[in-house]
Amino acid sequence: MTLKVYNTLTRAKETFKPLQEGEVRMYNCGPTVYNIQHIGNFRAFLFADLLRRWLEASGYAVRQVMNITDVGHLTDDEHDEGEDKIEAMARRSGKDPWAISRQYTDKFLEDMGQLGVREPEARPRATDYVEPMAKMVEELIEKDFAYQVGGNVYFDVTRFENYGKLSGNRQEDLEAGARIAINDEKRNPADFALWKSDPAHLMKWETSFGPDGFPGWHAECTVMAIELLGESIDIHTGGEDNIFPHHECEIAQSEAWTGKPFATYWMHTKFLQVDGGKMSKSLGNVYTLDDVLGRGFTARQLRFALLRGHYRQPLNFTWDTMVAARSALEGLDDTVQRLRELAEGKGGDLAPEDGSELVAQARATFTQGLDDDLNVPRALPGLFALRPAVLEHRLGSRAAAEALDFLCLANEVLGVLDMDECFIDEQVEELIEARQQARAAQDFAEADRIRGELEACGIVLEDGPEGVRWRRC
RNA sequence: GGCGGCAUAGCCAAGUGGCCUAAGGCGACGGAUUGCAAAUCCGUUAUCCCCGGUUCGAGUCCGGGUGCCGCCUCCA
């Protein structure tokens, strides 16, 4: 019963051991708020949430920080080289960059809320840490890891011998495919910007490097992680695209700066695919939460659809998988309701403890799955195993209560079940009774009319041998 | 050109060399049940991308194809 996680740094699954007993310090790379976040972005954030929840369920006190990048993230378009993403959007839309980032930050937080993502301990914004970032850059220059050319400051990768240890890239190989024009200011093509100056930039700060500067992208994560969590943290997460250059550069500047290991475990989520391929604007399949809601699905269903694959495997999103997610969750929600009835003793003549071993087994399946590098698809059969157990009347009242207990725990981790008790008001109950009378009187037209009426209110009736069941749809 | 990952049923997706004659979810089809419907129950639905190799034994390891995905200076 120990958690194992795959560490990108060592390319191996390792037994998880925090630096401080019982406490986990985790930094998650968050969104760049220059545009609305899409379901691909959500995959990484939902993974961070899952990891945090599983660590908590495993008894750790988790200190979780997820940044919001609201400055300094340069685009790399061949046409508008070096423009800040947020600024680019500001120019395009004619808005103030601060307004852009505020607008999309708000939208992001709203989406996270709808997706059931728990608030981390902190969501620092890069613009609130510009001063300490500048200070770090100054110190890196002092330590001779960085050099200044005019108002720009670059990190000299040749001064950090482990540069490349995360991504496996070798400095001499990086030159080959350079997508970007060679920057003459740099000593080595692989050097990365710690600080940039540009009078035309809209978001700029006055520092010792000049009056019109802004921080390089990598600086923020190092500074905010270290300020909020300490010089050495346990876990650092992000999308697979962050491995290089972002996390490679973070390691270099952090460890050069502090002289200590930055993060023990680096965990990266694979990209989400759509219709078996990459998402792209030209294919029109870059979906947002609103697109998903607009198709009649819920945020909870999306959460399940994105969480149900293993985070290190590519996951394919299609509308069919949303339909499958909806059906699967309906089955689980129904299982919860039925377990409640069983736990209350409406289960017939089974001994209370009958089926307990089944529940224990389901729980073990779930735990083993998540302990194995957060393998949700291995854990899920633990939940689904309860359904046939319920329907085939194999659980006594005590076992049903245990099953509910387990589902509560599982839901603390997955956050996809509807554990709310379903209530209906008296009026609805009267309608159901009226329909029963109509059926008894063979007045099926009236019975069907009432059923239709209820269905319009979102209540589905099911006539079974033991009477009428109802559920919300 | 360099680095890394993936390829399992109609769809999604586990599988950590030997109870894999391959989990689980969704769907489809046949049957039972039902006033109808829904739900439920029973049954059916996989030459594990291709070709070689290692091994007593490979979906699982190795090599080569093919296809897809990510990164190579700032996209989760």
Are any of the side-chain nitrogens in [X] or [Y] under 4.0 Å away from the carboxylate oxygens of its partner?
{"X": "A:Glu462", "Y": "A:Arg471", "answer": "yes"}
{"X": "A:Lys204", "Y": "A:Asp198", "answer": "no"}
{"X": "A:Lys17", "Y": "A:Asp234", "answer": "no"}
{"X": "A:Glu453", "Y": "A:Arg449", "answer": "yes"}

Assign [X] to base, sugar-phosphate, or nothing according to its heavy-atom contacts below 4.0 angstrom with the strands shown.
{"X": "A:Leu315", "answer": "sugar-phosphate"}
{"X": "A:Met279", "answer": "base"}
{"X": "A:Arg326", "answer": "nothing"}
{"X": "A:Arg449", "answer": "nothing"}
{"X": "A:Gly238", "answer": "sugar-phosphate"}
{"X": "A:Asp241", "answer": "base"}

Would you kindly give the [atom1]-to-[atom2] distance between [X] and [N], to the nearest whole Å?
{"X": "A:Arg312", "N": "B:A14", "atom1": "CZ", "atom2": "P", "value": "11 Å"}
{"X": "A:Asn41", "N": "B:A76", "atom1": "CG", "atom2": "P", "value": "5 Å"}
{"X": "A:Leu307", "N": "B:A13", "atom1": "CG", "atom2": "P", "value": "14 Å"}
{"X": "A:Leu370", "N": "B:A14", "atom1": "CG", "atom2": "P", "value": "13 Å"}
{"X": "A:Gln368", "N": "B:G15", "atom1": "CD", "atom2": "P", "value": "13 Å"}
{"X": "A:Asp443", "N": "B:G35", "atom1": "CG", "atom2": "C1'", "value": "12 Å"}
{"X": "A:Phe444", "N": "B:A38", "atom1": "CZ", "atom2": "C1'", "value": "16 Å"}
{"X": "A:Ile36", "N": "B:C75", "atom1": "CD1", "atom2": "P", "value": "18 Å"}

Hunt down any stem RNA chain B takes part in, defined as 3 or more consecutive Watson-Crick or G-U pairs whose two distances are each under 3.5 Å. B:1-7 with B:66-72, B:10-12 with B:24-26, B:27-32 with B:40-45, B:49-53 with B:61-65
Which nucleotide in B:C11, B:G15, B:A39 has an atom nearest any side-chain atom of A:Asn375: B:G15
Checking B:C42, B:C6, B:C71 against the side chain of A:Glu392 (C-beta onward), the nearest is B:C42
Shortest non-hydrogen pair, A:Phe192 vs A:Gln253, comes out as CE1-OE1, 3.4 Å
Taking every non-hydrogen atom, the tightest pair across A:Tyr104 and A:Asn35: CD2-C, 3.4 Å
Considering only the [atom1] atoms, how many Å lie between [N] and [M], rounded to the nearest integer?
{"N": "B:G35", "M": "B:G43", "atom1": "P", "result": "25 Å"}
{"N": "B:G5", "M": "B:U47", "atom1": "C1'", "result": "27 Å"}
{"N": "B:C20", "M": "B:G4", "atom1": "P", "result": "34 Å"}
{"N": "B:U40", "M": "B:A46", "atom1": "P", "result": "23 Å"}
{"N": "B:C75", "M": "B:G63", "atom1": "C1'", "result": "35 Å"}
{"N": "B:G27", "M": "B:C11", "atom1": "P", "result": "15 Å"}
{"N": "B:U66", "M": "B:G30", "atom1": "P", "result": "43 Å"}
{"N": "B:U44", "M": "B:A9", "atom1": "C1'", "result": "13 Å"}

Could you tell me whether the phosphate oxygens of [N], OP1 or OP2, come under 4.0 Å of any side-chain nitrogen or oxygen in [X]?
{"X": "A:Lys270", "N": "B:C6", "answer": "no"}
{"X": "A:Asn316", "N": "B:C68", "answer": "no"}
{"X": "A:Thr32", "N": "B:A76", "answer": "yes"}

Taking the nucleotide of RNA chain B with the closest heavy atom to each, which residue, A:Lys278 or A:Gly30, is nearer the 5' end? A:Lys278
Does [X], at its [atom1] atom, have more than 12 non-hydrogen atoms belonging to other residues, nucleotides or ligands within less than 6.0 Å?
{"X": "A:Gln361", "atom1": "CD", "result": "no"}
{"X": "A:Glu357", "atom1": "CD", "result": "yes"}
{"X": "A:Lys4", "atom1": "NZ", "result": "no"}

Using the six-membered ring wherever Trp is involved, compare the ring planes of A:Phe384 and A:Phe304 and label them parallel, tilted or perpendicular (cut-offs 30° and 60°). perpendicular
Would you please classify the geometry between the A:His201 ring and the A:Phe214 ring as parallel, tilted or perpendicular, with 30° and 60° separating the classes? parallel
Per-nt protein contacts along nucleotides 18-27 of chain B (heavy atom under 4.0 Å; B base, S backbone sugar-phosphate only, - none) come out as -----BSSSS
